Amino acid sequence: MKIIIGIAAKNEESSIYKCLLSLAKAIEYGKISAKTVVCVNGSTDRTGSIVSQFMKEFPLMDIELIELEAGNLIKAQRLIVGYCSSDFYIFLDADTTISKTSLAKMIANMSVNMLRDGYVNYAKTRLTPPLGKESYVTRLYRLYSSGGLLTHRYYFHGRFFAIRGWYVPTDREVANIQNKKNKLSQFGGLNVDDIFLSTYILKKYGPDAINELKDVYVYAKPITSLRDWYYTYRRTDIEIKKILL
């Protein structure tokens, strides 16, 4: 069984090393045979050189670095999928980390469901522990993300997920399905993966094709300001408007 772990990284010099280190520990813990492909896309910081240094420190880890001069998350993922064929793909955000048991559990579940078309596993998100006194917004976001205030969801997030047959339309295809009355062409093509993929999979395969693994965790930083919170939901709103719902 061939497994590709893809990481798209743009200006992630502060987090990419920790991300790769957590992945290396998970691979070692699970005795997993998988290739990791890191696509550095349009970075203007030291992300690429940090990945290269990590590769020298961990020569036994099967990891390759590819670069994209300019592009977004989806273009980087498209390059990763085109670079290596795989039975299924696992994608991990460059600004997150995973527990050492999570990768093995995700792969085990995907292996059992290998024959299910459109099947997606995604990890449960936990916010990184506070390092000191936090802002009111951050504390509110922790409360909001604790689970108690969230309703049941049928879509998945893109922080850490596994999928068979990754597919996202090209910019030209997106332009053909946009609602031209809203003049959305100004926003360009799709920029993130989970919003389109969730809609596509739900329509084509049904809600049972999307599965949150309760004991698989990905650790992400909390939102720290109202500005970040606003832009997060603004981006979601724009991406939703780009596709037919």
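It should be emphasised that the depicted structure is a prediction, and the values quoted were computed from it without experimental measurement.
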Any pair counted as salt bridge (Lys or Arg N to Asp or Glu O under 4.0 Å), so long as it reaches residues 213-229, sequence neighbours left out: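 Qualifying pairs: Lys105-Asp215, Glu212-Lys214.
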Side chain Glu13, main chain Arg46, donor-acceptor under 3.5 Å: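 It does hold such a pair.
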Sidechain-backbone polar pair: Arg235 side chain, Asn191 backbone, donor-acceptor under 3.5 Å: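 Side chain of Arg235 to backbone of Asn191: no pair is present.
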Chi angles and distances behind the side-chain contact (heavy atoms from CB on, under 4.5 Å) call for Ile66, Val38: CA-CA 6 Å; Ile66 59 178; Val38 181; over 6 Å; no
Verdict with reasoning, Ser49 to Ser52, per side chain to side chain donor-acceptor pair (under 3.5 Å): CA-CA 5 Å; Ser49 60; Ser52 296; over 6 Å; no
Flag for Asn211-Tyr119: side-chain donor and acceptor within less than 3.5 Å: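 There is such a pair between these side chains.
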Criterion side-chain contact (heavy atoms from CB on, under 4.5 Å) on Val40 and Leu65, from CA distance to verdict: CA-CA 7 Å; Val40 176; Leu65 172 63; 3.4 Å; yes
Where Val192 and Leu73 come nearest, the two heavy atoms and their spacing: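 Closest approach of Val192 to Leu73, heavy atoms only: CA-CD2, 4.2 Å.
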Residues Arg159, Asp93: salt bridge by 4.0 Å N-O rule: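 Result for this pair is no, no salt bridge flagged.
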Residue pair Tyr17, Glu57: steps toward the side chain to side chain donor-acceptor pair (under 3.5 Å) verdict: CA-CA 11 Å; Tyr17 190 92; Glu57 294 179 19; 2.5 Å; yes
Between OG on residue Ser43 and CD on residue Glu12, distance to nearest 0.5 Å: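 Here the rounded value is 7.5 Å.
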Asp193/Gln77 under side chain to side chain donor-acceptor pair (under 3.5 Å): CA gap, chis, key distance, verdict: CA-CA 9 Å; Asp193 50 7; Gln77 289 185 342; 2.8 Å; yes
Heavy-atom side-chain proximity of Trp229 to Val137 below 4.5 angstrom: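 Answer yes - side chains close enough.
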Connected via hydrophobic side-chain network under 4.5 Å: Tyr217 and Tyr29: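 Unlinked, Tyr217 and Tyr29 end up in two clusters.
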Option from Phe160, Tyr155, Phe91, Phe161 for which side-chain contact (heavy atoms from CB on, under 4.5 Å) with Tyr122 holds: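 In the set Phe160, Tyr155, Phe91, Phe161, the residue that makes a side-chain contact (heavy atoms from CB on, under 4.5 Å) with Tyr122 is Phe161.
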